[in-house]
Structures are given as C-alpha cells and as structure tokens.
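Here is the structure we will look at.
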Amino acid sequence: MAVSRRDREEILGSRLSGKVAIVTGGNRGIGRAIAERLAEEDATVVIGDLRDDHCAGPGAERLTFVSLDVTNEGSIRAFVDEVLERFGRIDILVNNAGLVLHKSIDDQTAEDWDRLMAVNLRGPFLMAKYVVPEMRRIGLGSIVNIGSVEGYMVNPWHTAYAATKAGVHGLTLGLAVDLGPDGIRCNTVCPGWIDTDLNRAYVEMHPDRRLIERELGQLHPVGRIGAPKEIANAVLWLASEESSFVSGEMISVDGARTKKIPLPSILDEEYRAKLAESRA
Ligand code: NDP
C-alpha cells in the first residue's frame with residue numbers, strides 16, 4: 001500500500017511520542033539543534049544549561065529550560081529531580097555540553113585540565129549516574145553522548161580536549177556494557193567540523209577568514225563543513241527505537257574527514273585541479 005506524503009509526515013513527526021528527553025548544553029549550537037529536532041519528533045524536551053538566553057526563537061515553545069551546571073553534582077541532582085517532578089519520566093539523555101581549549105602543553109594549567117574534564121567527561125558520567133535509576137525503572141533508555149573526531153585524532157594544542165573526548169568514548173563503552181541488561185543503550189556521535197560559536201571564534205582569529213573557510217571545507221571529502229542539524233539527525237536515530245540493537249558505538253558524522261589520508265599540499269592541489277577539470 002502506498003503511503004501518502006501526509007501519512008509519511010505524520011509517521012516521521014512522531015518517532016519520539018511520549019518520550020521525555022534531556023539535552024545538556026542545549027541553549028545554543030549543536031545542543032539547541034538536537035533539542036529542536038527531538039521536539040519535532042514529538043518528544044518533551046528539557047534543556048539543561050547554564051543560561052537560557054538563546055532559548056527564544058523558532059520552536060522555543062516546545063522546549064523547557066531548567067538550569068543546570070554539569071560540573072556541579074548538587075545541580076545535577078536538583079535538575080533530575082525537577083525533570084521527574086514536572087514530566088514524570090526520563091527516556092533519553094543527550095550529553096552535549098562541552099568546552100574546548102586551545103593551549104600548548106606549556107601554557108595549560110592543572111585548572112584548565114580540571115575544568116575541561118569537569119564539563120566534558122565528569123559531567124556526562126554524573127548525568128548518567130543520576131538518570132539511570134529512572135531509566136531502569138521504565139526498563140528502557142537511550143544515552144547519546146557528543147564525543148568528537150578528536151577522540152581519535154587531534155588538532156595541535158588540543159591535548160586536554162582530546163583526552164576528554166577519548167574519555168567520553170571509553171565511558172560510552174562502559175555504560176553500554178554495564179547497562180545493556182537494563183534495556184539501556186549508550187552511543188556517541190562524533191562530529192567533524194560543525195558551524196557553531198565553539199569554533200567560529202577560532203576561524204575569526206585568522207585575518208583571511210574566507211580562505212580558512214574554503215580550506216576547512218576542502219578537508220572534508222564532501223567539500224564543506226557540517227551544520228548542527230546534521231548532528232541532530234544522527235542523535236535522533238540513536239535516541240529512537242529505530243536503532244534498538246545499536247549500543248556502544250562511536251559514530252562519526254564528519255563528511256568523511258577522518259577517512260581521508262592527508263596528502264602533501266602540492267599533491268592535494270593537483271588532485272583537486274584534476275578533479276575540477278574532469279567535472280568541467
Ligand atoms: P557551543 O559552545 O556552541 O555550546 C555549548 C553549550 O554548552 C553552551 O550552551 C554552553 O553554555 C553549554 N555549557 C558549557 N558549560 C556548561 C556547564 N557546565 N553546564 C551546562 N551547560 C554548559 O558548542 P557546540 O554546540 O559547538 O558543541 C556542542 C558539543 O559538541 C560539545 O560537547 C563539543 O565538544 C562537541 N563538538 C563540537 C564540534 C564542533 O565543530 N562544533 C566538533 C566536535 C565535537 P554557555 O553558552 O553558557 O557557555
């Protein structure tokens with residue numbers, strides 16, 4: 001039987017009906033796109049973030065903001081209690097809040113290291129710790145972490161950041177193994193270069209911004225950097241029952257950036273020139 005476009009929209013628009021989802025760091029950037037995407041599929045979405053100044057705007061009426069600092073165990077406990085009190089259950093946890101730091105090992109301090117670990121790695125661990133009892137009660141749950149391609153390979157001056165993201169990948173394996181018997185899955189989406197405030201500032205540091213943007217695009221075999229919504233679509237799949245046999249996976253969403261072995265720039269230019277010629 002043919003499925004009409006309207007039926008299809010209805011089916012696709014209700015993949016998370018009845019589910020309650022938490023998105024940490026959902027005030028802006030990738031987290032905001034995830035929150036909106038899950039809400040589009042009918043989930044009740046609670047954004048946990050330090051501030052809610054970006055929570056206005058299109059789609060905001062479907063999102064609830066509850067204050068959260070993922071570095072503070074008391075704040076996490078209060079946040080989870082409030083979500084349960086207001087919405088009665090938690091089916092999906094998206095650990096997205098994160099910070100990056102560009103510093104050489106000489107300039108990095110122990111405080112820098114601890115701050116990054118507290119937000120990027122200890123935060124997801126504690127969030128899972130306080131959400132899991134509720135997921136166990138319902139007998140089903142999906143935890144989706146936002147890791148990074150920098151859990152596998154590293155930009156210069158990202159020692160601490162890469163260590164936190166590799167840690168998130170390890171946390172994912174551990175949670176998937178320990179919580180599988182409870183019906184709880186855990187996976188990680190590893191974004192490539194996504195257009196958000198987090199790295200826009202990095203691009204803007206350079207005098208020739210357009211050149212940097214072009215070259216960044218060329219690092220990705222698909223020819224461009226990614227958009228927050230493209231990460232949100234992968235999170236949606238992992239959060240939904242469509243991925244019910246997927247757990248313990250790190251899924252790169254990076255336009256194949258991590259699959260291309262870098263060439264010396266002169267050879268890469270020749271390759272690009274020939275490619276452009278063959279397509280002309
Ligand atoms: P943004 O900096 O745009 O957004 C991060 C959000 O996390 C902000 O809303 C921020 O709040 C919030 N946050 C920071 N600290 C805390 C805290 N202690 N408690 C609660 N919320 C907090 O980052 P992106 O959207 O770019 O990144 C989202 C995730 O994706 C991060 O984990 C990042 O590491 C990862 N990632 C991003 C990539 C990219 O290219 N953008 C690539 C690979 C991974 P506030 O605004 O108040 O600081």
Side-chain angles (χ1 to χ4, degrees), residues 12 23 25-41 54 57-59 94 96-102 120 144-158 161-162 165-166 168-169 187-239 242-243 249-280:
L12 289 179
V23 182
N27 182 33
R28 61 191 170 113
I30 294 173
R32 175 60 191 255
I34 294 168
E36 287 177 4
R37 190 69 191 94
L38 301 187
E40 274 169 21
E41 294 293 336
H54 291 253
V94 183
N96 162 81
L99 294 180
V100 70
L101 179 76
H102 315 281
N120 294 6
V144 185
N145 299 318
I146 306 301
S148 173
V149 294
E150 290 202 67
Y152 306 120
M153 49 199 298
V154 186
N155 282 312
W157 288 14
H158 277 194
Y161 181 71
K165 292 301 183 179
V168 167
H169 298 182
N187 292 286
T188 284
V189 174
C190 307
W193 194 286
I194 308 298
D195 184 21
T196 68
D197 296 343
L198 180 117
N199 51 31
R200 210 167 287 141
Y202 188 63
V203 170
E204 279 164 6
M205 274 182 340
H206 296 268
D208 194 343
R209 192 187 155 164
R210 289 175 74 107
L211 176 70
I212 299 287
E213 281 174 345
R214 200 184 70 228
E215 291 199 352
L216 267 173
Q218 286 177 350
L219 291 174
H220 300 74
V222 300
R224 61 174 178 84
I225 63 169
K229 186 149 190 184
E230 294 175 305
I231 302 304
N233 285 331
V235 171
L236 167 64
W237 181 67
L238 290 169
E242 287 169 20
S243 60
E249 292 297 331
M250 266 48 76
I251 298 182
S252 295
V253 180
D254 68 350
R257 181 171 178 190
T258 50
K259 307 302 175 288
K260 185 180 172 217
I261 299 171
L263 288 169
S265 59
I266 182 81
L267 293 183
D268 208 36
E269 276 160 32
E270 275 174 24
Y271 159 73
R272 265 178 230 297
K274 282 186 188 145
L275 193 66
E277 212 177 275
S278 71
R279 307 235 155 139

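Here, residue 1 is the first one in the sequence, and each next residue gets the next number.
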task: Measure the spacing between CD of Glu215 and OG of Ser265 and express it to the nearest 0.5 Å.
output: 9.0 Å
message: Less than 4.5 Å apart, side chain to side chain, heavy atoms only: is that true for Gln218 and Arg214?
response: yes
message: Quick check against the 3.5 Å criterion: does Thr188 have a side-chain atom that pairs as donor or acceptor with the backbone of Met250?
response: no
statement: Between the OG1 atom in Thr196 and the CD1 atom in Ile30, the distance rounded to the nearest 0.5 Å is 5.5 Å
query: If you take all heavy atoms of Arg224 and Gly226, which pair is closest and at what distance?
result: NH1-CA, 4.0 Å
message: Rounded at 0.5 Å granularity, tell me how far OG1 in Thr258 sits from OH in Tyr152.
response: 7.5 Å
query: How close do Val253 and Glu230 get, heavy atom to heavy atom, and via which atoms?
result: CG1-O, 3.8 Å
task: Taking the side chain as every heavy atom from C-beta outward, state whether Arg210 and Asp208 have any atom pair closer than 4.5 Å.
output: yes
Carboxylate-amine/guanidinium proximity below 4.0 Å for Arg37 and Glu40: yes
task: Determine yes or no for a side-chain-to-main-chain donor-acceptor pair under 3.5 angstrom, with Asn96 supplying the side chain and Gly25 the backbone.
output: yes
Backbone of Glu249 reached by a side-chain donor or acceptor of Asn187 within 3.5 Å: yes
query: Leu238 and Val144: which non-hydrogen atoms are nearest, and at how many Å?
result: CB-CG2, 3.9 Å
field: Closest non-hydrogen atom pair, Ala227 against Ile194
entry: C-CG2, 3.6 Å
query: Can you list every pair that meets salt bridge (charged side-chain N to carboxylate O under 4.0 Å, His left out) and has a residue in residues 251-260, with sequence neighbours left out?
result: Lys260-Asp268
query: Going by heavy atoms in the side chains, are Asp197 and Arg28 under 4.5 Å from each other?
result: yes
field: Interatomic spacing from CD in Glu204 to CG in Asn199 - rounded to 0.5 Å
entry: 10.0 Å
Shortest non-hydrogen contact from Gly255 toward Pro221: O-CD, 3.2 Å
message: I'd like to know if the side chain of Asn120 reaches the main chain of Lys165, judged simply by a donor and an acceptor atom lying under 3.5 Å from each other, with no hydrogens or angles considered.
response: no
- prompt: Can a salt bridge be assigned to the pair Glu213 and Arg209 using a cut-off of 4.0 Å between side-chain N and carboxylate O?
  reply: yes
